[in-house]
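Everything on this sheet refers to the single structure shown next.
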Amino acid sequence: MESFPSLTVTQRDQILVEQQVFNIYKAFYDMPPSSQSLMLELQRENHVEYLTNGLKHLGPSFCVLDANRPWLCYWIIHSIALMDEFLDPELEDNTIDFLSRCQDPNGGYGGGPGQMPHVATTYAAVNSLVTLGGDKALCSINREKLYTFLRRMKDPNGAFRMHDDGEIDVRACYTAISVASLLNILDDDLVQDVGNYILSCQTYEGGIAGEPGSEAHGGICQFVACGIASIQYEKASTSSDNLFIRYTFCGLATMILINEVDRLDLSSLIDWVVFRQGVEAGFQGRTNKLVDGCYSFWQGGVFALLKRLQSTKGEQSVPMGDGEDSGAGSPQTTASSDATGAEGLNEDSSQAGSHFEQGEPHDASCPVVVENIDHNSSKRRAKVEPLFNCLALQQYILLCAQEPGGGLRDKPGKSRDHYHTCYCLSGLSVCQHSWSEDEDSPPLPSAILGSYSNLLEPIHPLYNVVLDRYQEAHEFFSRS
Amino acid sequence: MANGHPSFLALLFPPPALGSYRTLKMESDEPDGHSLSRRVEWCDVTPLPQDDGPNPVVPIAYKEEFRETMDYFRAIYQADERSPRAFRLTRQAIVANPGNYTVWHFRRLLLQTLNVDLYEELDFLQQIANSNSKNYQLWHHRRWVVERLGIDARAKELQLTKKILSLDAKNYHAWSHRQWVLQALGGWEDELDYCQQLLEEDIFNNSAWNQRYFVITRSPFLGGLKAMRESEVRYTVEAILAKPENESPWRYLRGLYKDNIEVWVNDPQISLVCLKVMNAKSNYVFALSMLLDLLCHGFQPSEEFRDAVDALWTSDNHPLDSDLAKAVCCILEHVDSLRASYWRWRKSKLPLAA
């Protein structure tokens, strides 16, 4: 506080993070191009190694995540799948076997063998098994019992509880509906009134809160940061939790899954989420809070949901830039389609979102020259322009959230962990594919920051599983 | 022998009479000299190892003490042993991992069976909160306890959340709990002052703004949004003019008219604050953004607005669009370049100019 006597706590915290981030960007600028390319490289091998090691062994400090082991499976397996790598068959079998031991005889999955079934760990377990794919994994899910479990978790007000006698909130609603939809067991009884509950959680700001009355939120991340940071240092930590899910994303995804999205005030939701991207280029979870890499997915994923909505509904109300539509007679749209982020960010970006008066280090805040982008492309122009700045976000993920030795993190100064690795990579995938016209066409090189080899697999944004794994599961569960 | 023989256990170890509970509780607070397996109290229980299978994934290298605690917990839990020693064991298991919701759940069953003093339970919860106040289980449990204590617990709860918020003014769990307490048990009288105080300390604290909104819309003493609007608008406008770069009051100002957009569009205070900030020519993104929303909802701007917007356009390359809403979008696209595509999209969605 002493060095910034006139600033409030919020301003001081923000300034410290901005300084760290801008120093990284400045250092990046001062490098020769060859080093810049290296900095922008996704360190696949190191990430896979870090993740695979976690699947095989976790130290004693992970005791605080002992009720979240299906989550650890999901974070790791999904991250590996995003990088288009596969587990060796033995490890895959071991995962299926382990998750079966977490499955409750009366349906649903608990945080570990013998623990009560919990809706969120059920989501993590099901997503893990869908990501593994194959009959053995998919058959291991007892869908009839799982349906009974979800019905039991349904509160008379329409929302869901996390477990018997557990808390009710938007996360529980999303994970329950997501699992039911993915397994093709979603019916009117499960859907009944859940939309009313979500609707009551949209706040005056536009975002969605965890409970009616609370603050609009991407979610609650801090404890993960603290908890896992202490894991890194092998301190005895009591920070733990079993929810790693964000409210606005959850609320929107739920409303789409139950086909009631039009009931939300979408324009205020979009306006809120668009403003969560800050001068650091990453996303924050709430108004006037700090950037965190995991929101790359929880907020960035909102745009993927909206885009999907557009492609399935094609309605005017759906808020995505459409190059053909809006681009006609709009030179700005066409001119910048290749380098929106890079060019735009060289201008004064301190005006919005920043808490500063003039005189900020604009140079350092100016993100990156995208030297690898293929500007002379003869390819057709991408038709869909994302509403957020996805090149800038890739820059934050690769330069600020990535640990070169493997794993990703919240922000500079924090330690890597499996949770942030999963959601930074999921966010990176969302960015890379957000220009793509449809699911089947590969992104243009201009959509990828750094080398094209950074490209990750596309996800299905409603569930956050890799798209082709979703398709396999979808087909499988449609048959049975 | 604990496995699946609750009735047998109950015979051997009937729950103690209520009076003796306190003594047992005190004993448990003594430092654990040695492991459970060497205590006479536990000699009848066979620890139940975790069924991890031969080749588990994400295996945690548990410390011996953790493993032992959980092995005994599993035995007790499976046997559904509702005893004081089980209650003490849940404490140990929660301290080892406060994220274990199964343990918390079982502890609630025990609280019901054993008739424990719930104020002691609140003290225990506070100890846990001191080391980790961001944990769903802890707060859910606390809510459960307070529900049973009713209005007597109100002051303590408001005080506790205040204390936690004094350390971290944006603790989401603490705010949720506080809101729940206000709604379930009351205590609204000083809440607006409390918000005021937090905002004086940090006007950028969006959680305090959110709480303020919660109070003015839900407090039974304030008469609701409509009754509060005038004084709140005055307060908010002041906050905006002091720090126009602060997003929180801008969103709050909009929220004050959530029930009636027409009033918002036609209230001269709203357009005036936009105008003032634009005329100051710095940190005007939120002002332009609000002006854009006003225009989209039918606001009829005077010449002053056109002049103020024109004055923000510095490019000599091409003139600013004659349609004011489009002009606003162009400026935003330029000065708020991080969100350039959003402003382009907004421009493309504008209603056709009259």
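What you see is a predicted model; the values in this text were computed from it and never measured. Each chain gets a letter, A, B and so on, in the order its sequence line appears, and its residues count up from 1.
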N/O donor-acceptor pair under 3.5 Å between [X] side chain and [Y] backbone:
X        : Y        : value
A/Asn288 : B/Phe204 : yes
A/Arg286 : B/Lys170 : yes
B/Asp202 : A/Thr10  : yes
B/Gln179 : A/Gly213 : yes
B/His140 : A/Asp165 : yes
B/Tyr172 : A/Gly210 : yes
A/Arg101 : B/Gln50  : no

Output yes when [X] and [Y] qualify as a salt bridge under the 4.0 Å nitrogen-oxygen rule, no when they do not.
X        : Y        : result
A/Asp164 : B/Arg108 : no
B/Glu247 : A/Arg276 : yes
B/Asp52  : A/Arg69  : yes

Counting only non-hydrogen atoms closer than 4.5 Å, does [X] touch chain A with its backbone (N, CA, C, O), its side chain (CB onward), both, or neither?
X        : value
B/Trp250 : neither
B/Arg218 : side chain
B/Gln211 : neither
B/Phe106 : neither
B/Tyr342 : both

Test log, rule salt bridge (Lys or Arg N to Asp or Glu O under 4.0 Å), inputs A/Asp271 and B/Arg251: CA-CA 10 Å; A/Asp271 191 73; B/Arg251 294 212 176 266; 3.1 Å; yes

Residue among [options] with most heavy-atom pairs under 4.5 Å to chain A:
options                              : result
B/Thr102, B/Thr217, B/Ile60          : B/Ile60
B/Pro54, B/Pro59, B/Ser176, B/Gly255 : B/Pro59
B/Asn205, B/Asn210, B/Leu138         : B/Asn210
B/Phe214, B/Tyr213, B/Trp139         : B/Tyr213

Set of side chain to side chain contact (heavy atoms under 4.5 Å, CB included) partners for A/Thr203, sequence neighbours left out: A/Glu205, A/Ala209, A/Ala216

Proximal component of A/Asp169, with respect to chain B [non-hydrogen, under 4.5 Å]: side chain

A/Phe275 and B/Phe286 aromatic ring geometry - parallel, tilted or perpendicular at 30°/60° bounds: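 Ring orientation of B/Phe286 relative to A/Phe275: tilted.
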
Other residues, nucleotides, ligands: >12 heavy atoms within 6.0 Å of B/Gln127 CD: yes

Nearest non-hydrogen partners of A/Ala392 and B/Leu338, listed with the distance: CB-CD1, 4.1 Å

ring-ring contact (aromatic ring centres under 6.0 Å, His included) involving B/Trp144 - partner list, sequence neighbours excluded: none

Between OG on residue A/Ser267 and NZ on residue B/Lys349, distance to nearest 0.5 Å: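 It is 12.0 Å, given to the nearest 0.5 Å.
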
Rounded distance (nearest 0.5 Å) linking atom CG of A/Leu65 with atom CG of B/Asn100: 11.5 Å

